Structure formats: C-alpha cells, structure tokens
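Structure, as structure tokens:
All of these numbers come straight from a predicted model, not from anything done at the bench. Position 1 is the first residue of the sequence; numbering continues from there.
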Amino acid sequence: MKLKNKNTITFIIILIVSLFVAIPSIKMNIQYDDGIQHVCRLIGTERSIKEGNIFSTIISNLCNNFGYSWNLFYSPLTAYLPLIFRIFGFSYGNCLRLFLLFCSIASGYSMYFFVKKILQKKDIDNDKKYYIALLAASFYICAPYRISDMYIRVAIAEVASFIFIPIIWNGIYSIFNYKEFTSRKYVLCFGIVGLMLSHTLITFYMAIICAIYVICNYKKIDKHVIIQLVKNILLALAITAFYWIPLVESKLLCDYEVFNQSHMVRENVLVKLKVNLIELIWLKDDRMAYFLEIPLLLGIMLTINIVKKKKIQDLQSYFFFLITGIICVILTMDFIPFEKFPSFMKMMQFSFRLLEFSSFFLSVIAAINIGLFFKEFTFAKMLIIVLVIMDLIIPISKNIDYQNGYISENDLIQGVRVTSSTGRVHAGCASFEYLPSKAFNNRKYIEDREDVPIAYNNQTISNYEKNGLTMKFTMEGTGEVELPYIYYIGYCVRVNGVKVKTKESDNGFIKINVTEEKSSVTVDYEGSTLMKISLIISIISLLSIFVKKIIDLRQKKD
C-alpha cells in the first residue's frame, strides 16, 4: 500500500495511540501518589506569577505561608507548561491530564523522527522506513513503564522527560554520522535543554549513557564531531543557566535536604521496588507495570535472524542500543544489589527509573527487527501490531486509582497546613526535601510558629504587613529578628532603605540583625545577583539561536 499523504497518516496514528493511552486519565484520581504534589505546585506557581514573580522559585502559600522552594530545586518545565491550559479555564487537575496527553503525542513524534533519521540512508524501501518509524513511536507511547509514570506514579516530570530522550539521540546520531546526511545543528542542544528542565536525575543518567556511546564510537570522532558536541553542550548549559546556576549556588550557601543522601535514598524502599523476573512478563496487582510487551520481546528475539542475514548496516549503534536496553532492564532486577552501588548512583532513588531508558532503546530495536523481518512490511501489518500493543496495555488499568480526588482544589489554593499530624509526605511539600536541613529538623517549630517576625531581644514590632513574598514592619530597639520566611537565597531585606545581610537562623528561617533604635524593615524576593546574571545568560543564549537562524535563512534566500 503506497501512502501519498504520510504526514496526515502519521498524525492520525500517533494521535489515536496517544488518545487510547489517555483514556484512563478521564476517571483517574489525578491526586494519587505524586499527583497531589504537582497540583499544589501548579496552584503555587500560578499564584506566584500573579504576585509578580514571573520566574517563581519560591511558592509563598506552602509550608504554613513561610514559603517552600519547589522551582529552585525541581526542574521547572512541568511547573509552567501545564498552566497554559489554565488560559482556557481548565482546572489544575485537568491541566495535568491534558499535559499528559500532550506528552504522549510529543514523545511519539520525537521517537518517530529519530527512527526515521537513523533509517534515512539505509537501503530500505521508503514505505518500510516509514512504517518502522511509526511502529517504534507506538511502542514508545505504549511502553508499560511510561504508562506507570502517567497513572500509577503520576510522575509528571518523568513523563515529560520521555519527549526529549529521542531528541537527544537524534542530535548525537546526526553529529557522529554527519558525513552521511546533513542535520540541524542544534537538535542535541534542544534535547539537552528539554531534559534538564524536565528531570534532573534522568538527565544525569542520560549523560552517563551518552558518554559511554561517545567512547564506544571513538573512531568516528574528528574535529567536526568534537566542535559540534562541545557547541551543543555549552549552548544547552548557557540556555539552562537560569535553572542550574541558582541550584548550585543554593547548595554552596546552605544545607538543604535534597542534597542529603540519608533523606533522599531509602534503601528499604529501593530494595522493595526492585523487579523480579515474573514481573517482566506479567503484571502484578498493586504493583507498577514493569513488564515488557510481548511484541517488543518477540522483536528483540528476532535480533539473531536480522544480524545473521546482514540486514543491519550500522551494527555498532544497533548493538549499543540493544545491549544498553537489556542492561538497563537487568539493573532493575531483584538479584542486582543496587542498594550497594556508589552513592551518586543511589541518588537515582529507584532502580526502576532505568526502565525509561530500556523503553526507548528496546522500542527502537524491536521496531527495526520486526520491520526488517518481513520482506514486505505493509501498512496493514504495522497497524495490526500497533493494535496488539494497545490491547496488551489494557490490564494496567486495574492498578490505577479511580477514586475521586480526596482534596478539593479550592482547599489546596491556600496550601495544606503543616500540623502535628503531618507524616513523612505532605501535600505540596512532598517529603519536605526542599527545606533547609535546619528547618527540616525543626518541623515542629514550623507547625507552631506564628506568621510574624520574632524579635530575639524583646524589640517592639508594629505596622506589620505581609503579602506573599513581600513584607514590611517598623521596629523599635536593636538586635536580631527572625522573619517569617524559610531560608532561601534571593530575599532582599532593607532596613531604613539600606540592604542588610540575611543569615539562616537555628530554625532554618531568615534572620537579620538590626542596629538602629528605630527602623523600617521591608522584605522583597528579588533573586540573588547570580540568579539575575544567569537569567541574562539564558535569555542572550536563546536569542542568539534565533538570530543565527534568521541569518542562515536570509543567506539561503540570497
């Protein structure tokens, strides 16, 4: 079957598969597991924007109105993109549902274009290339672990990261094979930027895998490859400077729980959530979907036949994808002592995150193997396999929570208070990992503290007003004062119009020292000097790409 309008068919197939995957979201409890955190984060980010903090790092209404910094430590893309749907009047929960659908469609397209790229110069019928790319996209959209992220973990940031893994490999493959075909110069940069702003831990592991790929392909490295790799990486770091530079600055200036291994790594949970062999082929009740789809497994099993008949031209990349995908699966299994691995690896928190990479690598291999196995890989054959893939993920729905949201969004707008009944996980604050360590160790103080400045030397405080991240009051007397804000960098405190130095109190709050008998104190969140510089770097770097693109287009016209 020869298809004339392939773009339309591609859109229809990817949309249908994505809509099918999105069906459970209609009735699912979007607040389940991590979902409640993302709903609260959306509410807080929107509130911060309305307060005038467009690039919000601290959400003022959380942690009993003392402020909690989600967006300083957690990749910001998923705090802003879902809010686009708020323009059309959708609730916060529905914004997340629509964002999940968008991620499915975008992940399918990024995989489709990547597989289409690697098959571009191969001696294969054009229609067959097209069907293989569509099949790979369908495998990827329907990957059980991706569905688990969507519905069982409601891990919005990790779902978003699926979009950018194929884009990164599109860029790397293009750079290493530049002699075979021309490529867009900044594909790798775009992929790195998207992944960094989606999920920090996935970015870290992606960097390790890409570094191994570069080493394995050292024979292809020449001056052009080095220049393009360095250019893309540096440009990506410059564009994301507004995020990672303040993150590093915060780590250097204060101890936060997110950098505390004893808080972030719970070995008992890591062991409990490992995968056993049965779960790779079968779904267990009340567990995540670790299993590998039967068509995907069959596709991988065709490897010997495909290699034996010499149907693969780039064997080095082919085997890298195959072996890396299999290793990622093995590392998640219960006989691997992941809890004994070095600390930097255990900061991944759960070994099952590696299934994201196996979902990508093995989807590519299975689709290529199946497509090349058939002498004529027709649209009908591709469509049948896609329908089987879709059918096999239906059992996952039984492990999805379909109860109604247990907290109304109206109750979440003011922020759920931290009280004596608050457990390890709290709505809007997760496990309090973004608190300064002093504040975390004094959570009882946060529960009981009044939302007012506290004078250590019995100074008299009057005319107190607080609105989000801004505050003012007058004081008579000298000495130290603890402000009703948890300690994060970026607050600007002025006494009688003069900026004063802020310190961290023993309770993890902002503390200042007032030396004048009668003072007018104002507090604003302006961001640190380094934050402002990093934002300028990001804006200039992003603009430079657009300017360069415009210049290139004009030169082509001339």
Item to check | CA sep, side-chain torsions, deciding dist, call: Asn94, Ser91, side-chain hydrogen bond (donor to acceptor under 3.5 Å, both in side chains) | outcome: CA-CA 5 Å; Asn94 285 336; Ser91 67; 3.3 Å; yes
Checklist entry - Under 4.5 Å between any side-chain heavy atoms of Tyr112 and Ile141, yes or no? => result no
Checklist entry - Which heavy atom in Ile192 sits nearest to a heavy atom in Ala236, and how many Å separate them? => result CG2-CB, 3.6 Å
Atom pairs and distances, donor-acceptor, side-chain atoms in residues 12-25, under 3.5 Å, two or more places apart:
residue : atom : partner : partner atom : Å
Ser18   : OG   : Ile14   : O            : 2.7
Ser18   : OG   : Ile105  : N            : 3.4
Ser25   : OG   : Ala22   : O            : 2.5

Next on the checklist: Suppose we screen for ring pair (Phe, Tyr, Trp, His ring centres under 6.0 Å). Which residues come up paired with Phe11, at least two apart in sequence or across chains?
Outcome noted: none
Checklist entry - Does Glu433 have any side-chain hydrogen bond (donor to acceptor under 3.5 Å, both in side chains) partners at least two apart in sequence or in another chain, and if so, which? => result Ser431
Checklist entry - What distance separates Thr303 OG1 from Tyr318 OH, expressed to the nearest 0.5 Å? => result 3.5 Å
Checklist entry - How many angstroms lie between NZ in Lys6 and OH in Tyr130, if you round to the nearest 0.5 Å? => result 7.0 Å
Item to check | Qualifying residues under ring pair (Phe, Tyr, Trp, His ring centres under 6.0 Å), relative to Tyr488, sequence neighbours excluded | outcome: Tyr256
Checklist entry - Can you check whether Ser351 reaches Phe341 side chain to side chain, under 4.5 Å on heavy atoms? => result no
Checklist entry - Sub-3.5 Å donor-acceptor pair from the side chain of Asn64 to the main-chain atoms of Phe66, do we have one? => result no
Next on the checklist: Has His426 got a side-chain atom pairing as donor or acceptor with Val416's backbone, closer than 3.5 angstrom?
Outcome noted: yes
Next on the checklist: Using side-chain heavy atoms (C-beta onward) and a distance below 4.5 Å, is Val187 in contact with Ile168?
Outcome noted: no
Checklist entry - Do the non-hydrogen side-chain atoms of Phe259 and Asp255 ever get within less than 4.5 Å of each other? => result no
Checklist entry - For Arg47, what residues pass the side-chain hydrogen bond (donor to acceptor under 3.5 Å, both in side chains) criterion, not counting sequence neighbours? => result Glu51
Checklist entry - Can you list the residues that meet the side-chain hydrogen bond (donor to acceptor under 3.5 Å, both in side chains) rule with Asn71, with sequence neighbours excluded? => result Arg41, Thr45
Checklist entry - Which pairs pass salt bridge (charged side-chain N to carboxylate O under 4.0 Å, His left out) with one or both residues in residues 140-149, sequence neighbours excluded? => result Asp149-Arg153
Item to check | salt bridge (charged side-chain N to carboxylate O under 4.0 Å, His left out) pairs, two or more places apart, involving residues 328-339 | outcome: Lys274-Glu339
Next on the checklist: For Phe432 and His263: C-alpha separation, side-chain torsions, deciding distance, then whether ring pair (Phe, Tyr, Trp, His ring centres under 6.0 Å) applies.
Outcome noted: CA-CA 10 Å; Phe432 298 98; His263 183 119; 8.6 Å; no
Checklist entry - Roughly how far, to the nearest 0.5 Å, is the OG atom of Ser358 from the CZ atom of Phe352? => result 12.5 Å
Checklist entry - Can you name the ring pair (Phe, Tyr, Trp, His ring centres under 6.0 Å) partners of Tyr445, sequence neighbours left out? => result Phe509
Next on the checklist: Would you say the rings of Phe73 and Tyr68 are close, in the sense that their centroids are separated by under 6.0 Å?
Outcome noted: no
Next on the checklist: Between Ile58 and Leu72, is there a side-chain heavy-atom distance shorter than 4.5 Å?
Outcome noted: no
Item to check | Listed once per pair and sorted, the salt bridge (charged side-chain N to carboxylate O under 4.0 Å, His left out) pairs that draw on residues 85-108, sequence neighbours left out | outcome: Glu46-Arg86
Checklist entry - How would you list, by chain and number, every residue that makes a side-chain hydrogen bond (donor to acceptor under 3.5 Å, both in side chains) with Glu376, sequence neighbours excluded? => result none
Checklist entry - So Tyr109 and Phe113, would you call those rings parallel, tilted or perpendicular, with 30° and 60° as cut-offs? => result parallel
Checklist entry - Between Phe320 and Trp169, what is the ring plane arrangement, given parallel below 30°, perpendicular above 60°, and tilted in between? => result tilted
Item to check | Results of ring pair (Phe, Tyr, Trp, His ring centres under 6.0 Å) for Tyr32 - residues two or more places apart only | outcome: none
